[in-house]
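Notes follow once the structure below has been shown.
Atoms considered below: every heavy atom in the structure, side chains included; atoms not considered: hydrogens, waters and symmetry mates. Just so it is clear, the model here is predicted, and its values are computed rather than measured. Here is how names work: the chains are called A, B, and so on, in the same order as the sequence lines, proteins then strands, and each is numbered from 1.
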2 protein chains.
Amino acid sequence: MKLATRTRYGLRAAIELAKNYGNGPLQIKLIGKNQGISVKYLEQIIAMLKNGGIVRSLRGARGGYVLAREPEKIGLDEIVLALEGSISTVECVENESLCARAADCVARQVWTKVQDAMIDVLKSMTLKDMVDKAQNHNKLTYQI
Amino acid sequence: MKLATRTRYGLRAAIELAKNYGNGPLQIKLIGKNQGISVKYLEQIIAMLKNGGIVRSLRGARGGYVLAREPEKIGLDEIVLALEGSISTVECVENESLCARAADCVARQVWTKVQDAMIDVLKSMTLKDMVDKAQNHNKLTYQI
DNA sequence: CATTATTCCTACTGTATTGGTGGTATATTA
DNA sequence: TAATATACCACCAATACAGTAGGAATAATG
């Protein structure tokens, strides 16, 4: 059940970008420094966020990354989706055709319920919510 | 986010044992055959269920495995716990001391909520519920 | 135009996990 | 004691993960 490190890092990076929203691009170097994450590794992780349509990049000097949309329009489910590839406990939940008995498999029903519960929680939160929460502690408090 | 195969297999094996509850021990060989799972692999998986106090073993001829308690007293959370080691998305959720900022980390709050949602769902179901559901389809319908 | 800052791309590496196999020891029963 | 079945232990191949490395492409700046 453990999340990949890249998912944890990726969320933290996204929150940094959300905090910086409206103030121009933020460089990976800075995010990595603030968060204590290998800059080279973060590079790959943010590329996933880019592919997922969460962030946009600005190349060249003074470039960096910005959120692709307003923080209140980015659900955490989108972020996890971009980083994990899918928010899914078991393949057959998404793809019935993987198993002949999928349609009335009780184990599958369990994993579907678990998965739906996770997705609901993630969908209920946006990057804006994260920034607001962090603001209350008025520091970079989202470090894992 | 994907579950390990052993967790899926383990749940299915536990459901088989629940279905057989009251009819004496069930052999791994049989479960593996019914479920299309490598008997040798299943051996290891059921050993985890045993360590977790979910099943008891009976050695020797006519031996096999039985549930350690009535199916209605075994929550699915216990089964996942036995197989995954912990029902946890991130280490720091369980163990605050892993990160100095854990106490007011917003990312950690996210993963805590996700994890709690999963645990709630699993806790809400017992092996008995699984047997009852499967009965409605009156076959081995829990195959993944 | 040269320099600098930054993203982008691709490949490599060590480690751990996963999924699975094989063999032997041990206990129980008939 | 022979047959059955679990228990235990060691091994193996494939994959994923986390991180490193080097350089190419691109944009801004002086």
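Both G64(B) and R6(A) sit near DNA chain D, but only G64(B) has its closest nucleotide nearer the 5' end. Mapped onto DNA chain D by nearest heavy atom, L3(A) and R62(A) fall at different nucleotides, with L3(A) at the one closer to the 5' end.
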Enumerate donor-acceptor pairs with a distance under 3.5 Å from any side-chain N or O in residues 115-122 of chain B to protein atoms, sequence neighbours excluded.
{"unit_1": "Q115(B)", "atom_1": "OE1", "unit_2": "T89(B)", "atom_2": "N", "d": "3.0"}
{"unit_1": "Q115(B)", "atom_1": "OE1", "unit_2": "T89(B)", "atom_2": "OG1", "d": "3.3"}
{"unit_1": "Q115(B)", "atom_1": "NE2", "unit_2": "I87(B)", "atom_2": "O", "d": "3.3"}
{"unit_1": "Q115(B)", "atom_1": "NE2", "unit_2": "E94(B)", "atom_2": "OE2", "d": "2.6"}

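Of the possible donor and acceptor atoms, one in the side chain of R108(B) sits under 3.5 Å from a partner among the backbone N and O of C92(B). The closest donor-acceptor contact from the side chain of N20(B) to the backbone of L17(B) lies at 3.5 Å or more, if one exists at all. The main-chain N or O of V90(B) is never found under 3.5 Å from a side-chain atom of R8(A) such that the two would form a donor-acceptor pair. Between the side chain of R6(B) and the backbone N or O of L83(B) there is at least one donor-acceptor pair closer than 3.5 Å.
OP1 or OP2 of dT20(D) has at least one side-chain nitrogen or oxygen of S38(A) nearer than 4.0 Å. Under 4.0 angstrom from either OP1 or OP2 of dG20(C) there lies at least one side-chain N or O belonging to Y9(B). Side-chain N/O atoms of T5(A) include one lying less than 4.0 angstrom from OP1 or OP2 on dA18(D).
Rounding to whole angstrom units, NZ of residue K33(A) and C1' of dT6(C) are separated by 16 Å. When the P atom of dT18(C) is taken as reference, atom CD1 of I45(B) falls 11 Å away, rounded to whole Å. In this structure, the CG atom of L17(A) is 11 Å from the P atom of dT7(C), given to the nearest Å. In this structure, Y41(A) places its OH atom 17 Å from P of dT15(C), rounding to the nearest Å. dC17(D) atom P lies 11 Å from atom NZ of K2(B), rounded to whole Å. L30(B) places its CG atom 12 Å from the C1' atom of dA5(D), with the value rounded to the nearest Å. If you take CD1 of I31(A) and P of dA5(C), they are 18 Å apart, rounded to a whole angstrom. Here dT7(C) presents its P atom at 9 Å from CG of L26(A), a figure rounded to the nearest Å.
Of the listed residues (V55(B), T126(B), I54(B)), just one forms a side-chain contact (heavy atoms from CB on, under 4.5 Å) with I74(B), and that residue is I54(B).
Atom-to-atom distance recorded for M125(B):CE and L76(B):CG is 5.0 Å, nearest 0.5 angstrom.
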Polar atoms only, N or O, under 3.5 Å: list the protein pairs with nucleotides 7-11 of chain D and their distances.
{"unit_1": "dA7(D)", "atom_1": "OP1", "unit_2": "K50(B)", "atom_2": "NZ", "d": "2.9"}
{"unit_1": "dA7(D)", "atom_1": "OP1", "unit_2": "S57(B)", "atom_2": "OG", "d": "2.1"}
{"unit_1": "dA7(D)", "atom_1": "OP2", "unit_2": "Y65(B)", "atom_2": "OH", "d": "2.0"}
{"unit_1": "dA7(D)", "atom_1": "O4'", "unit_2": "R59(B)", "atom_2": "NH2", "d": "3.3"}
{"unit_1": "dC8(D)", "atom_1": "N4", "unit_2": "E43(B)", "atom_2": "OE1", "d": "2.6"}

